[in-house]
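Below is one structure, written out as structure tokens; the observations come after it.
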Amino acid sequence: MTALEGEPATLDPARTALVLVDLMDRITALPLAPRSGEQVVAVARELADTFRAAGATVVLVRVERPGVPAQPPGSELVAGLAAEDDLIVVKRTIGGFHRTGLHELLAERGIGTLVFGGIATNLGVESTARAAADLGYELLFAEDAMAALTEDEHRAAVALNFPRLGTVVTASAIGFG
């Protein structure tokens with residue numbers, strides 16, 4: 001369901017987590033669409049601050065290349081994005097659930113709803129969201145907290161795929177009741 005113009009999403013902070021995927025310097029610096037990495041990070045920061053203020057869980061997922069002696073420059077999360085109590089998950093595949101312990105971390109906290117943002121919309125975000133849907137989570141997608149390598153890839157994920165998995169909203173429509 002697409003609710004970009006619909007009712008605000010009022011969430012339970014004890015059962016909801018924000019999942020931000022691959023907000024790392026080397027990825028946010030790529031030429032992205034329909035917005036820049038800098039714009040995605042700005043919206044993601046606001047969302048993370050809203051979640052933290054409500055006492056909700058914030059999960060930051062970053063990718064590492066497997067089987068290499070050192071990660072490329074810019075492989076850490078964007079400076080200042082993570083806070084002390086955030087969960088940081090390192091993935092080695094496109095999605096954030098495969099062999100990362102993310103599902104177990106969320107289950108321990110009683111999380112049943114996930115709100116997604118990150119880069120790339122149709123790759124890391126979508127892959128993580130598909131696994132989350134398979135695991136039974138309720139999903140929301142903060143469309144303005146995402147970007148892809150092309151606008152067409154972003155729009156296809158947001159308009160065609162995400163509505164089949166959950167609800168597409170803007171970050172400003174997300175709040176806690």
Side-chain angles (χ1 to χ4, degrees), residues 2 4 9 16-52 56-66 68 71-83 86-100 102 105-106 114-133 137 139-174:
T2 303
L4 287 174
T16 305
L18 174 64
V19 179
L20 299 173
V21 180
D22 292 340
L23 296 181
M24 305 153 44
D25 288 328
R26 69 180 173 86
I27 294 176
T28 60
L30 294 170
L32 301 166
R35 57 194 56 87
S36 70
E38 185 176 287
Q39 291 169 313
V40 170
V41 169
V43 174
R45 280 184 205 279
E46 288 178 23
L47 266 176
D49 289 345
T50 297
F51 273 64
R52 291 177 192 121
T57 299
V58 175
V59 180
L60 302 166
V61 179
R62 68 177 184 83
V63 67
E64 284 188 358
R65 294 179 180 169
V68 298
Q71 296 301 309
S75 290
E76 294 301 319
L77 293 166
V78 170
L81 185 60
D86 293 349
L87 301 176
I88 298 177
V89 173
V90 177
K91 65 184 178 103
R92 291 174 180 84
T93 61
I94 295 174
F97 279 95
H98 183 70
R99 296 183 178 175
T100 64
L102 177 55
L105 290 169
L106 295 170
L114 303 179
V115 177
F116 282 96
I119 301 169
T121 310
N122 62 313
L123 296 170
V125 175
E126 186 171 333
S127 181
T128 305
R130 285 176 181 269
Y137 292 96
L139 308 180
L140 282 87
F141 300 92
E143 186 279 332
D144 51 343
M146 300 179 202
L149 296 174
T150 69
E151 188 160 353
D152 287 344
E153 290 170 308
H154 175 81
R155 295 280 173 232
V158 168
L160 301 175
N161 300 334
F162 290 169
R164 292 181 174 129
L165 302 173
T167 303
V168 179
V169 297
T170 59
S172 63
I174 297 169

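Below, all heavy atoms of this structure are taken into account, side chains as well, without hydrogens, waters or symmetry copies. Please read all numbers here as calculations on a predicted model, not as lab measurements.
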Looking only at heavy atoms, what is the nearest atom pair of [X] and [Y], with distance?
X: Leu77; Y: Ala82; value: CD1-CB, 4.4 Å
X: Leu18; Y: Phe51; value: N-CE2, 3.4 Å
X: Leu30; Y: Arg26; value: CG-O, 3.6 Å

Should Ile174 and Glu46 be marked as a side-chain contact (heavy atoms from CB on, under 4.5 Å) after you check the CA-CA gap, both sets of side-chain angles, and the distance that decides it?
CA-CA 11 Å; Ile174 297 169; Glu46 288 178 23; over 6 Å; no
How long is the span from the [atom1] atom in [X] to the [atom2] atom in [Y], to the nearest 0.5 Å?
X: Leu139; Y: Phe162; atom1: CG; atom2: CZ; result: 9.5 Å
X: Glu143; Y: His154; atom1: CD; atom2: NE2; result: 3.5 Å
X: Arg35; Y: Ile119; atom1: CZ; atom2: CD1; result: 10.0 Å

Assess whether side-chain contact (heavy atoms from CB on, under 4.5 Å) is satisfied between Val89 and Leu60, documenting all intermediate values.
CA-CA 6 Å; Val89 173; Leu60 302 166; over 6 Å; no
For the pair Leu106 and Phe97, evaluate side-chain contact (heavy atoms from CB on, under 4.5 Å) and give the outcome as yes or no after the intermediate values.
CA-CA 11 Å; Leu106 295 170; Phe97 279 95; 4.1 Å; yes
With a 3.5 Å distance limit and no angle check, can you tell me whether Asn122 reaches the backbone of Ala157 through a side-chain donor-acceptor pair?
no
Any ion pair linking Arg155 and Asp152 (charged N to carboxylate O, less than 4.0 Å)?
no
Apply the test side-chain contact (heavy atoms from CB on, under 4.5 Å) to residues Arg52 and Asp86: give CA-CA distance (whole Å), side-chain angles for both, the deciding distance (0.1 Å), then the verdict.
CA-CA 9 Å; Arg52 291 177 192 121; Asp86 293 349; 2.5 Å; yes
Would you say the side chains of Ser75 and Arg62 form a donor-acceptor pair under 3.5 Å?
no
